[in-house]
Amino acid sequence: MTNAFRTMIIEAVVAPLARTIAAALSPAGVGMFVSGLVPAAGPADAEPTHYVSTGMIDAQFAPLLQDGAALHAAAVAAGVDCTLEACQDLVARAYVSELPPFEAFADLELQLHQPADDMLVEA
Amino acid sequence: MILGGMFGASQLEAQVRRLFAGGVPGFQLDLIHASNLYQDAARTTLVAANGDPIGSPTDLSGNDNHPTQGTSTSRPTFLGYASHDGADDYLVAPVIDFSSTSKITIVAAVKTASAAQQMVAELGNVASSSNAGAVGLQFASTTRYRTNLRYSGGGLDQYDFARSVSPSVLSATYDFASTVSDSKLTLREDGVAIAASSKSESSPVATTGANNAVQIGRRATSTLYLNGGLAGLTMIGRELLASELALIERYNNFLKTGLPA
């Protein structure tokens, strides 16, 4: 297996489908896209508008988030019930790069989500 | 300051392992030697070179509480230590039953350059008022550490401590049985006790440690990802003599040498 580094950021609206497909394609895809992102200009505890997964993935999966038809074919082959249009929509709402995560966040003017309940006490 | 060099690494490792004798709950991680690290969560392929993912470090305590990370993108990267990207990297130690004790200690050889709040380790979910026995150790800012513990009934103790050096060996102790402020939560940085700079306390309610998984490098709520390096992590569920705590600190001080300056 050859690995490839990718930073993959998706809009929150397509996160459920992205998680389902990632989990179906590989056990190593279970748990992807759970780190929330919010606009950098706003509060960190806002509702996430995007989700990110960043790190090493099996190289054979690297092109899938950039090709709706290929993603659909792979998803259906893995047993996911989804339409071509839904996969094309996911790809259109995805940002995939080889940049380190925080450079990618800056490109998209995003920051990591931080719920308010994590700010329990301030000195 | 921590005295080092008296014992070899393997001897220190064995001495720390003995502290877990008799079924003491916890784990002991050396994240600087590739021979202790597997690339995959199934623990089939050893880490061989810098840049390899860390899917499962070996628990050296004898408890076989090997942490894992099944999600490929969320595995820390081996760079002579476990490098966490601050975005989605973390490990999870399996559910460990700390309910037989009211005393827990976490010792970490860790470094971060990030100003963001970020977790070193968390037993259970401290943010949940229903998770009695949960404890956490985190960086609260560039100048503060934070520790917290959750009592039965939902009460929370949370202390902040001034932060100075990096990388550091941090030793956090949690005593659910104590009713004395400043002894319920303590923190040492490189073997030196630090006075809390701010405290939020509730009345202690008899509580033992939680019977939960341990998040390493993030909060259980999928937030506060560690952005930095972790070279060693020991978590142990019993009262420690001062000399025993110093021993664990010496061990982690050796591991700290794997972190960049």
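Computed from heavy atoms alone, side chains included, the values below leave out hydrogens, waters and symmetry copies. Remember, predicted model here, so these are calculated numbers, not experimental data. Below, chains carry the letters A, B, ... as their sequence lines are ordered, and counting in each starts from 1.
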Do other residues, nucleotides or ligands put more than 12 heavy atoms under 6.0 Å from the CD atom of A/E85? yes

Pairing of B/D182 and B/K199 as salt bridge, 4.0 angstrom limit: yes

Taking every heavy-atom pair that is under 4.5 Å apart, which of A/T54, A/L112, A/V34, A/I57 has the most such pairs with chain B? A/T54

Ring geometry between B/F139 and B/Y145 (parallel below 30°, tilted from 30 to 60°, perpendicular above 60°): tilted

Please look at A/F102 and chain B and tell me whether the side chain, the backbone, both or neither of the residue comes under 4.5 angstrom of a heavy atom of that chain. side chain

Exactly one candidate in B/S129, B/S128, B/S202 meets side chain to side chain contact (heavy atoms under 4.5 Å, CB included) with B/R150; the answer is B/S129

Whatever's closer than 4.5 Å to a heavy atom in chain A on B/D89 counts as side chain

Is chain B contacted by the side chain of A/P101, its backbone, both, or neither, given a heavy-atom distance below 4.5 Å? side chain

